[in-house]
Amino acid sequence: MSPQTKPKSERTERYDPQPIERRWQQRWEADQLYLTRDDDPRPKWYALTMFPYTSGNLHIGHWWAMVPSDTQARYKRMQGYNVLFPMGFDAFGLPAENAAIKDQTHPAEWTFANIERMREQLKTMGAMFDWSREVITASPDYYKWTQWWFLKLLEYGLAYKQNAAVWWCPNDKTVLANEQVIDGRCERCGAVVSKRDLDQWFFRITRYADELLDFSGIEWTPQIESMQRNWIGRSEGAELRFGLDVAGVDTNEVRVFTTRPDTVYGVTFFVLAPEHPLVEQITTPAHAEEVRAYVEAARRESEIERTSTEREKTGVFTGAYVINPFNNERVPVWIADYVLATYGTGAVMGVPAHDQRDFEFAKKYGLQIIPVFNHPDWDGGELEHALGHGGTMINSGPFDGTLDDDAIPAVVKYAEEHGFGTGTVNYRIRDWLISRQRMWGAPIPVVYCDTHGMVPVPEQDLPVLLPEDAEFRPTGESPLTYHDGFLHTTCPIGGEPARRETDTMDTFMCSSWYQMRYIDPHNDERPFSRELARKWLPVDQYTGGAEHAVMHLLYTRFFTKAARDMGIIGFDEPFTRLFNQGQILGPDGQRMSKSRGNVIAPDDQVQRWGADTFRCYLMFLGPWDQGGPYDPSGISGVHRWLNRVWNVVTGGAVTADLPDAPETRDLRRWTHRTIERVTHDIENFRFNTMIAALMELTNELTRIRESGTTVDAAAWREALRSLVLMLAPPAPHIAEELWQRLDEPYSVHTQSWPSFDAALAAQDEVEIAVQVNGKLRERLALPVDAPEDAARDRALASDRVAPHLAGKEIVRIIYVPNRLLNIVVKG
RNA sequence: GCCGGGGUGGCGAAAUCGGCAGACGCAGCGGACUUAAAAUCCGCCGCCCGCGAGGGCGUGUGGGUUCGACCCCCACCCCCGGCACCA
């Protein structure tokens, strides 16, 4: 045994993560190692992971979401960036209020106790969060500015109050935004929602519908872009005016939105939504009873029933007719619940020959069906279903013979020239409803005065503070309504007695701008300074779950664009790059929940294996964007790996000065090749293969060490240093410990990321595959970039290849240098 | 129905540009060390045939392009997510 190799008894110090992790976390905090300075001259990198809701405990999903994000942020720091990686808490919301009702306490108590616990749990992760910038949305110095944003949006005409039919959750006893209704149910509690007519505050997100469809200049995932596009639901078409001539009705037209104006000559009936305002006026006495009964029945149905695509269409005739301006045909007006009051104009022109829903309706009620396109699939007989797009126009007066692709523009032009209607774009997205009849949110900063009406609270009077002693009764009205001290105030204009708005803001409003507050969290003059905004914003890399695609991620884009138009910031998008991790599930493949009993507590994993092992295992599980079940059994493999790292770094190997030995070249190739792979993987969010590459290097070093081979001292040290440096982002504690044991200067986290030398990473000799007719027959070791004839000669000489060539003619040889040689034979 | 993402060993997965399918790890099997266990280390590990050398098959299904396809094209099946009587 060589003197450099320590006897076994002397290297029994085993890898023991807990004391190491505790010690370095304390040291880093004492040294303010992760404090981000605004005056650091290096290029900035703003990395952000979605802040947690203050639900009580940190769960595995938080680790799953934050650890890779932290790993990449640490890597960016080692790459020479001045990295901002902040953390905070999304602290307003219903669970706190519900807990307060149950325990007869104040939601603030529950929330801030949770924050204390979660902050400590977050610290065990060993992430590089800069806690000096912590933001808590429920603290007055934050929500003051949330209220300020509301005033700005109001001033700019992007906030308005309106009476409207809005979604109501009977369980949470508050209204909800459209985005919070999933399949007719409350996004939070799952209760079936209903509609209520209420005076509510809205933000004009629809004004930005088109711009929100533009994702150029940002790198987001196709998934989120697709979800946002679907949600915004842009449809090009036309709004057409049908003539109405009913005595006693004050209008002489009904407007309809259609995506197929080119089928207007095929209109054989007209349908209004049961809620359409004209229904009552136009219905003839003979049909009044039937119509009233139908409208009543429609009102009683839940949205889930009404919008089911499965059910058969129903409707009733109103007795009224409208005139198709194109051909002066008089068509009957029906009402049917398959027409939605909230989309388009709440009216549909019935073209049964070219729309399957209209077709089914016409078949059921014996309405006429007139094809207006000579579709190639149509034999001219009676239709069995609606015809698709294609063919030339027929039965369409002046348009007969027009090709399908020219039809829509031609009809729209004609409509515009004759005053029948205009080409238009319709959107599915509605304005964002932000009022909530709940107490634990930012109060909407307006008052109502008998003399002056609605009056915004002046900026210098912000924040409108939440009372500390509200009584919580889930009544369907904000508890603030019963709090006299809160409710009664004076008018900012004339000093008259006035009432405060008692609704609070949707918590998504708080999270629409939190990324801007992190850059200047203690500013009490403004939400943030313009100078710091210019330095830090927008966020360079955001990461989080896809469940926020049409809520948080859409709202904050709207906010950013509004802020830009108000001159507050100078950019268009909040997050330049967005990466979505998949969802981590319980070991049974189900969502983790207490009731299923499949919850894996991160605290337990950290206690048993250490934070570094848990961090690396989460990243090793599989591709981050994929998600999947958490299999607790595999973690031992990652722990064994870190053990091997520990043993190989602390245990040493037999070394000497051997700069020219072939083994030295091999070892350096391993080192540089691994740096190349890890660098590539970490840039591209491929944390699973990053860990695999580090494992391979470790295995190679272990092989050298176990075999007792003598290696070059400098190359060995280079390998160990590189390994520990690359370990610093994914496993920050063991890396710091091993760095110190290598007698390198504190801290490993302020070192530069190792760079690789492509020449050293390159192979001298490669194994190429030899195929005969595409089937693998031999593998040959050849020098890199070997010429074709050398490869061919070796291949043809091989006795594994020869039998497959016997008696056959070589037609062709394909040679791909450094990869393969394929011999094509015939006969 | 429309949009997006997928389908590879017993399991999680890998394969940078159309070029050796299954890296890395779990589980399993065999071995070294040990009184024993743990820990550590070494070997095997897609399926079928064969004692073996070796051969055949193999990336959801069926076709196609190509010397060569997990990868590209066409048709289809299945899974996950989103939107959906949206006119």
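Every heavy atom of this structure was used, including side-chain atoms; hydrogens, water molecules and symmetry mates were not. We name chains A, B, ... by the order of the sequence lines, and we start the count at 1 in each one.
Distance check on atom C1': C45(B) versus U34(B) gives 26 Å, rounded to whole Å. Straight-line distance between the P atoms of A75(B) and C80(B): roughly 24 Å, to the nearest whole Å. Nucleotides A84(B) and C74(B) are separated by 28 Å at their C1' atoms, to the nearest Å. For the P atoms, the distance linking A23(B) with G9(B) amounts to 13 Å, nearest Å. Between the C1' atoms of G68(B) and A53(B), the separation comes to 27 Å (whole Å).
Without hydrogens or angle criteria, Arg299(A) side chain to Glu275(A) main chain gives no donor-acceptor distance under 3.5 Å.
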For nucleotides 53-56 of chain B, print each protein N/O atom paired with a nucleotide N/O atom at under 3.5 Å, atom names and distance only.
residue : atom : partner   : partner atom : Å
G54(B)  : OP1  : Arg800(A) : NH1          : 3.2
G55(B)  : OP1  : His804(A) : NE2          : 3.2
G56(B)  : OP1  : Arg777(A) : NH2          : 3.4
G56(B)  : OP2  : Arg777(A) : NH1          : 3.1

Output a table of nitrogen or oxygen pairs between the protein and nucleotides 62-67 of chain B separated by less than 3.5 Å.
residue : atom : partner   : partner atom : Å
C67(B)  : OP1  : Arg812(A) : NH1          : 3.1
C67(B)  : O2'  : Asn822(A) : ND2          : 3.3
C67(B)  : O2   : Asn822(A) : ND2          : 2.6

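Rounded to an integer number of Å, the gap from CD of Glu683(A) to P of U16(B) is 18 Å. The interatomic distance linking Asp183(A) (CG) with A84(B) (P) rounds to 8 Å, in whole Å. At whole-Å resolution of the value, CZ in Arg591(A) and P in C80(B) are 16 Å apart. Atom P of nucleotide G5(B) and atom CZ of Arg229(A) are separated by 11 Å, given to the nearest angstrom. Atom CD in Gln581(A) sits about 16 Å away from atom P in G81(B), given to the nearest Å.
Which of A84(B), G4(B), A23(B) sits closest to the side chain of Ala692(A) comes down to A23(B). Picking from A87(B), G4(B), C26(B) the nucleotide with the shortest atom distance to the side chain of Val348(A) gives A87(B). Of the candidates G19(B), C83(B), C24(B), the closest approach to any side-chain atom of Met695(A) belongs to C24(B). Taking the side chain of Tyr338(A) as heavy atoms from C-beta on, and the options G82(B), A87(B), C85(B), the nearest nucleotide is C85(B).
Under a cutoff of 6.0 Å and an axis angle of 45°, Lys313(A) and Tyr338(A) form a cation-pi pair.
Between Asn822(A) and Ile813(A) the shortest side-chain heavy-atom distance does not fall below 4.5 Å.
Within 4.0 Å of Arg428(A), counting heavy atoms only, lies at least one base atom of the nucleic acid. Contacts of Arg673(A) with the nucleic acid, taken as non-hydrogen atoms under 4.0 Å apart, include base atoms. At a threshold of 4.0 angstrom between heavy atoms, the contacts of Val339(A) include nucleobase atoms, whether or not backbone atoms are also involved.
Every residue was checked against the side-chain hydrogen bond (donor to acceptor under 3.5 Å, both in side chains) condition with Thr268(A), not counting sequence neighbours, and none meets it. By the side-chain hydrogen bond (donor to acceptor under 3.5 Å, both in side chains) test, His276(A) pairs with no residue at all, sequence neighbours left out. Among residues two or more places apart in sequence or in another chain, the side-chain contact (heavy atoms from CB on, under 4.5 Å) test is passed with Ile20(A) by Tyr15(A), Arg23(A), Trp24(A), Trp646(A), His733(A), Glu737(A). Residues satisfying the salt bridge (charged side-chain N to carboxylate O under 4.0 Å, His left out) test with Asp262(A), not counting sequence neighbours, are Arg260(A). Looking at residues two or more places apart in sequence or on another chain, you find a side-chain contact (heavy atoms from CB on, under 4.5 Å) between Asp431(A) and Tyr160(A), Phe202(A), Arg204(A), Ile205(A), Thr206(A). Partners of Arg430(A) by salt bridge (charged side-chain N to carboxylate O under 4.0 Å, His left out), not counting sequence neighbours: none found.
There is a side-chain donor-acceptor pair under 3.5 Å between Thr698(A) and Trp641(A).
More than 90° away from 0 lies the glycosidic angle of G56(B), which makes this nucleotide anti. Its glycosidic angle being within 90° of 0, C17(B) falls on the syn side.
Look at C57(B): its Watson-Crick or wobble partner, with both distances under 3.5 angstrom, is G46(B). Pair assignment for G12(B): C24(B), on the basis of Watson-Crick or G-U wobble contacts that are both within less than 3.5 Å. Pairing partner, C2(B): G82(B), with both Watson-Crick or wobble hydrogen-bond distances short of 3.5 Å.
Between atom CD of residue Glu360(A) and atom CD of residue Glu312(A) there is a gap of 8.5 Å, rounded to the nearest 0.5 Å. Rounding to the nearest 0.5 Å places CD1 of Ile370(A) at 11.5 Å from CG of Leu383(A). Residue Met695(A) holds its CE atom at 10.0 Å from CE of Met690(A), rounded to the nearest 0.5 Å.
Comparing Val766(A) and Arg306(A) by the nucleotide of RNA chain B whose heavy atom lies nearest to each, the residue mapping closer to the 5' end is Val766(A). A residue-by-residue look at Trp641(A) and Thr258(A) shows that Trp641(A) has its nearest nucleotide of RNA chain B further toward the 5' end.
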- [ ] Summarise how protein sits on nucleotides 40-48 of chain B as a single string, 5' to 3': B when a protein heavy atom is under 4.0 Å from the base, S for sugar-phosphate-only contact, - for no contact.
- [x] SS-------
Open item on the list: Walk along nucleotides 9-15 of chain B from 5' to 3' and tag each nucleotide B, S or - by protein heavy-atom contact under 4.0 Å, base first, then sugar-phosphate.
Closed with: ---BSSS
Please tabulate, one pair per line, all N/O donor-acceptor pairs under 3.5 Å involving side-chain atoms of residues 177-187 of chain A, not counting sequence neighbours.
residue   : atom : partner   : partner atom : Å
Asn178(A) : OD1  : Trp167(A) : NE1          : 3.1
Glu179(A) : OE1  : Tyr555(A) : OH           : 2.8
Glu179(A) : OE2  : Trp231(A) : NE1          : 2.9
Gln180(A) : OE1  : Ala177(A) : N            : 3.1
Gln180(A) : OE1  : Arg436(A) : NH2          : 2.5
Arg185(A) : NH1  : Gly190(A) : O            : 3.0

Check: residues 614-631 of chain A side-chain donor-acceptor pairs under 3.5 Å, at least two apart:
residue   : atom : partner   : partner atom : Å
Arg615(A) : NE   : Pro730(A) : O            : 2.8
Arg615(A) : NH1  : Asp70(A)  : OD2          : 3.0
Arg615(A) : NH1  : Met125(A) : O            : 3.0
Arg615(A) : NH2  : Asp70(A)  : OD2          : 2.7
Arg615(A) : NH2  : Pro729(A) : O            : 2.9
Tyr617(A) : OH   : Asp631(A) : O            : 2.5
Tyr617(A) : OH   : Gly634(A) : N            : 3.4
Trp624(A) : NE1  : Trp64(A)  : O            : 2.9
Tyr630(A) : OH   : Gln605(A) : OE1          : 2.9
Asp631(A) : OD1  : Ser633(A) : N            : 2.9
Asp631(A) : OD1  : Ser633(A) : OG           : 2.8
Asp631(A) : OD2  : Ser633(A) : OG           : 3.2

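Checking the phosphate oxygens (OP1, OP2) of A87(B), a side-chain nitrogen or oxygen of Ser235(A) falls inside 4.0 Å.
Aromatic pair Phe373(A)/His354(A): centroids less than 6.0 angstrom apart.
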